[in-house]
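What follows is a set of notes on a single structure, which appears directly below.
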Amino acid sequence: MSIDLSQFFEVFFEESFEGLDAMEAELLNLEPGDLDSETINTIFRAAHSIKGGSGTFGFNSVADFTHVLETLLDQIRNGERALETNHVNLLLKAVDCLRAMLGALQSEQEPDLTESNTLKAEFETILNIPHTAEPAESQAVNTKSLDTFQVDFKPLHHLFKTGNEPLYLISELTDLGECSVTSDLSDLPDIHDMQPDECYLAWSFFVETREDENKIKEIFEWVEDDAKIEVTLCGGLFSDEPESEQPVEQEAEVSETTTSAQITPNDEVKEQTVKKPPAKANTESTSIRVGIDKVDSLINMVGELVITQAMLTQLGEGDMNENKQMALKEGLAQLAHNTRDMQESVMRIRMMPISFVFSRFPRLVRDISQKLGKEVELKLIGETTELDKTVMEKISDPMVHLVRNSLDHGLETPEHRLEAGKKEAGIVTLNAFHQGGNIVIEIMDDGNGLNTDKIKSKAIEKGLINENDNLSDDEINELIFMPGFSTADAVSDLSGRGVGMDVVKRNIHALNGSIDVTSERGIGSTFTIRLPLTLAILDGQLVTLGKHTYIIPLISIVESLQLDLKQVNCVGGGVDVLRLRDEYIPILRLFQIFNHTGAIEELDKGLLVIVESDNQKVGLLVDDLLAQQQVVIKSLEANYQKVDGVSGATILGDGRVSLIVDISGLIKLAGLKKAGSQKLAIDNAMFEMS
Amino acid sequence: MEQALQVQNELHSPDSEEENVQQFLTFIMDEEEYGVDILTVQEIRGWEEITAIPNAPEFVKGAINLRGTIVPIIDLRLRFGLTSVKYGPLTVIIVVKVELKVGSKIMGLVVDAVSDVYSIGQQQARDVPDISKSENSEFVHGLVNVGEKMVVLLHLERVLNLLRETESDLLAG
């Protein structure tokens with residue numbers, strides 16, 4: 001009785017939500033007719049544990065609702081009933097409803113029961129349970145008239161010592177119906193004689209309830225020997241209650257609990273749950289589940305680290321000699337090794353498979369395709385690809401948007417598809433994979449592709465481009481990412497309002513990622529999102545530029561070489577181009593772009609670092625290469641502002657600040673300088689039009 | 001120093017104790033004394049090597065590592081259009097935290113030398129005479145006489161905020 005269950009609520013909610021996710025996923029796998037007993041068992045188990053849990057924690061509305069759901073599942077499992085499509089639909093709706101109910105309970109609000117009652121009725125129709133049988137108990141209650149009982153509860157002094165807590169009894173009593181309390185303080189001794197662990201108070205309650213006397217007696221069953229309890233039926237109404245001005249004394253330990261800390265005699269103690277502190281605005285859980293193996297490996301590494309540290313301490317004692325110095329070097333190498341390993345495993349804790357995001361799409365696609373009357377087959381590839389949790393949380397909304405777009409705009413209606421000689425069902429593919437230090441997510445559809453003519457005319461109409469601008473198809477496709485752009489003829493609740501793609505692009509940029517679109521008329525379009533795996537740490541190559549040290553992300557470096565001037569051609573416009581094995585690579589003089597003096601300016605005296613970004617290779621002229629090391633990315637923006645060509649800063653071993661080169665930003669910065677004329681013209685045109 | 005102490009004592013005497021007394025840290029630049037609200041000051045550091053930031057305006061000297069935070073360093077002399085001096089061991093960086101529209105930022109100001117701390121009542125501060133022709137007048141919050149000297153109280157938010165504007169102007173141009 002005295003265990004505070006609320007400390008387990010979070011766990012219950014977390015598990016329930018996981019259970020619901022599992023149910024949803026399995027329900028989507030269910031094919032009517034082809035019944036896989038394992039699948040139905042999984043669903044049944046999930047429902048069953050939600051029912052059990054909610055019963056235990058007193059969330060009866062959830063438990064009752066889950067019960068009918070479970071009954072249906074049980075019948076299907078036992079083969080007593082064939083699975084039909086409408087069962088699946090109903091079950092899916094029930095999952096949604098349960099999620100909403102649990103969400104409300106989690107934020108300490110009363111769940112809205114209207115939906116669950118409707119669904120429950122539907123379930124009962126299927127189950128052939130007559131409606132009248134609906135919660136037998138509550139019906140009986142409904143027919144019974146309201147009675148008022150007077151309950152006199154006079155605990156003996158030693159009540160607390162027997163481990164009983166009158167407040168729980170009172171709270172249970174108030175659950176039965178409207179209740180008013182009068183406390184009897186007559187037994188209260190002088191303050192000097194008062195024993196803190198004795199109970200001196202007595203109460204009389206007036207309870208207006210549909211329950212009978214036994215129910216009330218049941219509450220006090222456990223304290224029968226430790227208190228005097230009298231339950232009498234007064235029949236009279238609430239207003240008969242005797243008036244009392246004395247506030248109820250609250251023992252210190254009593255007032256600790258939130259339930260009724262401030263009862264005054266005339267207070268009605270109903271609606272206890274509602275009185276709880278205001279709902280938490282943020283129901284999102286911030287915990288992550290980590291595989292025990294990841295934690296184990298981390299603990300192992302900490303162990304090793306401690307050993308290395310002990311070794312180094314020992315070496316540090318006494319005088320230095322040559323032998324010791326050798327050992328010290330070894331020890332430091334060991335330490336470096338340990339630190340790196342540990343860093344990796346800590347990062348791995350933050351990494352989660354992308355299936356956490358992918359798993360919401362089957363349902364989404366199913367719902368949307370039904371709404372649109374399109375047949376869609378969803379393919380998920382690379383679900384185990386891992387990425388940082390923060391990145392994952394931020395990428396899921398943009399992805400939802402893109403998938404919706406693909407379904408709404410990309411895929412044609414079944415008739416059109418048949419006409420075009422395609423299969424009736426459109427295919428949307430989500431593909432995730434690692435490429436270098438990036439994770440790439442592709443969203444492909446085999447629909448109609450982007451309509452470049454339509455995009456162009458729309459862009460002209462909206463003043464985004466000039467009629468005379470000669471844009472390539474790719475450039476036209478890029479226009480869809482501009483603010484205020486939508487080509488959907490009809491605005492639906494899915495898409496077409498013109499907010500969207502620009503927001504998608506902005507969100508992805510905020511994660512240091514990029515998004516591209518490729519499209520072919522009649523064949524389909526592909527959106528490619530590239531994201532950094534993690535936002536915190538990077539493998540870097542230190543390079544010098546005069547007295548400045550910069551860091552180039554190792555992942556973007558293709559190779560480094562000493563230039564042979566014979567291989568360099570100066571193309572018109574002053575851009576040097578290096579011919580390297582059938583490729584022509586423009587050379588950027590880093591010192592020039594960054595406006596530094598004192599660096600090596602001759603091409604053949606410095607080193608050329610070939611880097612690649614967004615499928616474009618450039619050579620960066622630097623003075624020299626220094627070490628490679630892992631660097632922790634620090635924000636330059638936090639106290640300063642965004643610097644073009646620089647993605648952030650870090651602190652080197654000697655405490656100095658070094659800046660990290662942002663390759664794609666650099667290319668843009670350089671590109672603006674050399675081929676700026678055409679782009680500027682477009683920008684200006686846009687500016688004037690708006 | 002002695003004189004400065006006297007001034008402080010004077011200020012602490014009851015008759016000059018105003019209701020809204022604010023403390024200001026003052027520093028010297030080109031023989032003028034400037035004051036900033038002492039509550040914005042995080043710490044005072046000696047000169048150290050600074051990492052240059054590419055394409056930054058001239059008065060942004062670069063960034064330093066302040067216990068793991070990257071802090072930009074602004075040369076106030078250049079900011080005010082004064083001639084710059086060679087940095088040496090006596091050069092001082094005042095690290096301040098300012099609330100800008102974009103949130104609070106920590107920046108370092110290079111000044112010639114730190115001078116004193118004065119308590120100044122609000123009534124004591126005079127408005128700036130009309131010197132609107134000078135670009136720098138908007139940085140000035142008020143003027144105050146301390147003993148024989150005049151101290152220029154600075155509007156740090158403006159001093160440091162203009163940084164953004166100039167920058168974006170530069171970029172746009």
Side-chain angles (χ1 to χ4, degrees), chain A residues 536 542-552 588-599 620 622 631-662 665-666 668-670 672-673 676 680 683-684 687, chain B residues 40 42-43 45-75 79 87 93-109 156-157 159-173:
Chain A
L542 273 62
V543 300
T544 54
L545 216 59
K547 59 184 185 358
H548 310 281
T549 307
Y550 281 91
I551 290 162
I552 298 178
L588 303 179
R589 291 174 167 85
L590 206 51
F591 72 91
Q592 222 169 26
I593 298 170
F594 282 166
N595 250 330
H596 287 321
T597 49
L620 302 178
V622 299
V631 296
V632 179
I633 302 173
K634 303 262 179 184
S635 163
L636 192 58
E637 249 170 288
N639 287 319
Y640 187 56
Q641 58 195 34
K642 175 120 190 65
V643 178
D644 290 317
V646 172
S647 61
T650 191
I651 291 158
L652 298 179
D654 59 0
R656 274 187 306 149
V657 175
S658 180
L659 302 182
I660 302 165
V661 179
D662 167 22
L666 204 67
K668 262 180 223 149
L669 199 64
L672 228 137
K673 276 183 182 166
L680 267 180
D683 287 350
N684 285 343
F687 202 69
Chain B
T40 61
Q42 303 281 298
E43 64 181 277
R45 297 171 71 85
W47 175 253
E48 62 188 279
E49 210 188 317
I50 289 182
T51 304
I53 298 175
N55 297 321
E58 199 192 6
F59 55 82
V60 177
K61 299 314 286 180
I64 59 161
N65 159 25
L66 184 75
R67 292 182 295 278
T69 315
I70 311 290
V71 174
I73 302 298
I74 284 137
D75 188 329
R79 184 78 183 98
Y87 302 126
I93 297 173
I94 302 177
V95 181
V96 293
K97 185 178 189 175
V98 282
E99 294 292 332
L100 301 179
K101 270 178 216 153
V102 282
S104 73
K105 304 223 164 190
I106 298 175
M107 299 190 185
L109 308 174
L156 264 192
E157 288 77 12
V159 174
L160 299 177
N161 203 22
L162 215 84
L163 162 89
R164 291 189 73 81
E165 291 163 28
T166 348
E167 276 267 289
S168 46
D169 284 352
L170 280 179
L171 286 175

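Chain letters run A, B, ... following the sequence lines, proteins first, then strands; residues in each count from 1.
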Inset, instruction - Would you check if B:Thr69 and A:Asn639 make a side-chain contact, meaning some heavy-atom pair closer than 4.5 Å? - result: yes
Legend entry - Nearest heavy-atom neighbours spanning B:Ala52 and A:Leu659: O-CD1, 3.5 Å
Inset, instruction - Hey, could you give me the CG/OG1 distance between A:Leu652 and B:Thr51, rounded to the nearest 0.5 Å? - result: 7.5 Å
Legend entry - Which of B:Val98, B:Val71, B:Ile53 touches chain A most, by non-hydrogen pairs under 4.5 Å: B:Ile53
Legend entry - Donor-acceptor pair, side chain of B:Asn55 and main chain of A:Ile593, under 3.5 angstrom: yes
Inset, instruction - Could you tell me whether the side chain of B:Lys105 and the main chain of A:Tyr640 form a donor-acceptor pair under 3.5 Å? - result: yes
Inset, instruction - Check each atom of B:Ile64 against the heavy atoms of chain A and say whether the ones under 4.5 Å are side chain, backbone, both or neither. - result: backbone
Legend entry - Exam field: side chain B:Asn65 to backbone A:Val657, donor-acceptor pair closer than 3.5 Å: no
